[in-house]
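Here's the structure we're looking at; comments come further down.
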Amino acid sequence: VQLQASGGGLVQAGDYLRLSCTGSGRTLSTYAVGWFRQAPGKEEEFIGAITYSGSRTYYAESVKGRFTISRDTSKNTVALQMNSLKPEDTAVYYCAADSNFWSFTSVSRGLYDHNYWGQGTEVTVSS
């Protein structure tokens, strides 16, 4: 599966943004999908993940209540809805796919430890 994150841009604090993770080559519907981000000068951070069926999600505490992950199987995409954005949300956002949803709950597993990952999309939140 080739993955591509898109939808990034420049927004103001308090705004919202919706990112998409699009799969090509194979269907995303058989994989759990997770989102990560990396801010300038900082380590990669896990954001959240969704099961292949969309029935379960898991979020990092830093985004819980503001970010929502959902999937659209008809479009072979997984969305990351980001509300109430803060300057500290500024980062490059990446998506990854894995056959095992629970692998996203392991703190020791980063973006590149999953089956597939793609190019990121940059999000800048101005104050």
Side-chain angles (χ1 to χ4, degrees):
V1 178
Q2 289 79 47
L3 301 178
Q4 177 67 58
S6 62
L10 172 64
V11 296
Q12 293 187 332
D15 283 351
Y16 66 90
L17 206 57
R18 187 177 180 88
L19 306 184
S20 291
C21 176
T22 303
S24 61
R26 296 180 67 177
T27 178
L28 266 184
S29 63
T30 59
Y31 293 95
V33 173
W35 286 90
F36 295 80
R37 66 185 179 186
Q38 187 161 24
K42 295 188 177 181
E43 292 189 356
E44 174 191 292
E45 178 186 11
F46 168 76
I47 297 172
I50 189 167
T51 56
Y52 75 95
S53 66
S55 62
R56 184 192 295 264
T57 53
Y58 175 76
Y59 298 97
E61 287 297 323
S62 60
V63 303
K64 195 175 291 185
R66 296 192 300 125
F67 291 11
T68 303
I69 299 173
S70 60
R71 59 192 315 150
D72 184 340
T73 54
S74 66
K75 297 181 179 179
N76 208 33
T77 61
V78 171
L80 175 63
Q81 178 71 36
M82 306 187 295
N83 298 329
S84 303
L85 283 164
K86 305 175 182 180
E88 49 264 43
D89 294 318
T90 295
V92 178
Y93 285 70
Y94 302 85
C95 58
D98 203 302
S99 56
N100 180 7
F101 168 75
W102 297 109
S103 68
F104 287 108
T105 66
S106 171
V107 296
S108 64
R109 300 194 68 168
L111 172 67
Y112 302 110
D113 293 322
H114 297 285
N115 297 141
Y116 304 98
W117 59 90
Q119 297 294 319
T121 186
E122 187 169 1
V123 173
T124 303
V125 184
S126 64
S127 58

For F101, the ring-ring contact (aromatic ring centres under 6.0 Å, His included) test, sequence neighbours excluded, returns none
Item to complete: Treating Ile, Leu, Val, Met, Phe, Trp and Tyr as nodes and any side-chain heavy-atom pair under 4.5 angstrom as an edge, say whether L111 and Y59 lie in one connected cluster.
Response: no
Salt bridge (charged side-chain N to carboxylate O under 4.0 Å, His left out) filter on R66, not counting sequence neighbours, yields D89
One should read off an interatomic distance between D72 CG and T77 OG1, to the nearest 0.5 angstrom, of 4.5 Å
task: Apply side chain to side chain contact (heavy atoms under 4.5 Å, CB included) to the pair I47 and Y58, showing each step before the final yes or no.
output: CA-CA 9 Å; I47 297 172; Y58 175 76; over 6 Å; no
Q: Please step through side chain to side chain contact (heavy atoms under 4.5 Å, CB included) for the pair T90 and R37, ending with a clear verdict.
A: CA-CA 9 Å; T90 295; R37 66 185 179 186; over 6 Å; no
Answer yes if the side chains of D98 and S103 hold a donor-acceptor pair under 3.5 Å, and no otherwise. yes
Original post:
For atom CD of Q81, is the number of surrounding heavy atoms from other residues, nucleotides or ligands below 6.0 Å larger than 12?
Top reply: yes
Sorted by chain and residue number, the ring-ring contact (aromatic ring centres under 6.0 Å, His included) partners of F36 (sequence neighbours excluded) come out as F46, H114
Quick one: does M82's side chain get under 4.5 Å of V123's, heavy atoms only? yes
> Would you say I50 and V78 make side-chain contact, with heavy atoms under 4.5 Å?
Replying inline: yes
When you measure from the side chain of T57 to the backbone N and O of I69, does any donor-acceptor pair fall under 3.5 Å?
no
Q) Counting N and O atoms only, with roles assigned by atom type, does the side chain of N115 sit under 3.5 Å from a partner on the main chain of S99, one being a donor and the other an acceptor? A) yes
Notebook entry, point to check: Should V33 and Y52 be regarded as members of a common hydrophobic cluster, given that ILVMFWY residues are connected when their side-chain heavy atoms come within less than 4.5 Å of each other, either directly or indirectly?
Noted result: no
Rounded to the nearest 0.5 Å, the SG atom of C21 sits from the CG atom of N76 at a distance of 9.0 Å
Contacts under 3.5 angstrom, residues 2-15 side chains, donor-acceptor by atom type, not counting sequence neighbours:
| residue | atom | partner | partner atom | Å |
| --- | --- | --- | --- | --- |
| D15 | OD2 | Q12 | N | 3.1 |

Checklist line | L28 side chain near R71 side chain, heavy-atom distance below 4.5 Å | finding: yes
* Asked: Heavy-atom distance under 4.5 Å between the side chains of S84 and Y16, does that happen here?
  -> no
Residues at least two apart in sequence or cross-chain that pass salt bridge (charged side-chain N to carboxylate O under 4.0 Å, His left out) with K64, listed by chain then number, are E61
message = Counting the benzene-type ring for Trp, do Y94 and W117 have ring centres under 6.0 Å apart?
response = no
Requested in this report: Go through L19 and Y93 one step at a time and tell me if the side chain to side chain contact (heavy atoms under 4.5 Å, CB included) criterion holds.
Outcome: CA-CA 9 Å; L19 306 184; Y93 285 70; 3.6 Å; yes
Would you say the ring centroid of Y116 lies under 6.0 angstrom from that of Y31?
-> yes
The side-chain hydrogen bond (donor to acceptor under 3.5 Å, both in side chains) partners of S126 (sequence neighbours excluded) come to none
task: May I ask you to test the K86-S62 pair for a side-chain heavy-atom distance under 4.5 Å?
output: no
TODO: Walk me through it: do Q119 and C95 pass the test side chain to side chain contact (heavy atoms under 4.5 Å, CB included)?
DONE: CA-CA 8 Å; Q119 297 294 319; C95 58; over 6 Å; no
Distance col, row F104:CZ vs D113:CG, nearest 0.5 angstrom, shows 10.5 Å
Q.
Side chains of S29 and T27 only: does a donor on one sit below 3.5 Å from an acceptor on the other?
A. yes
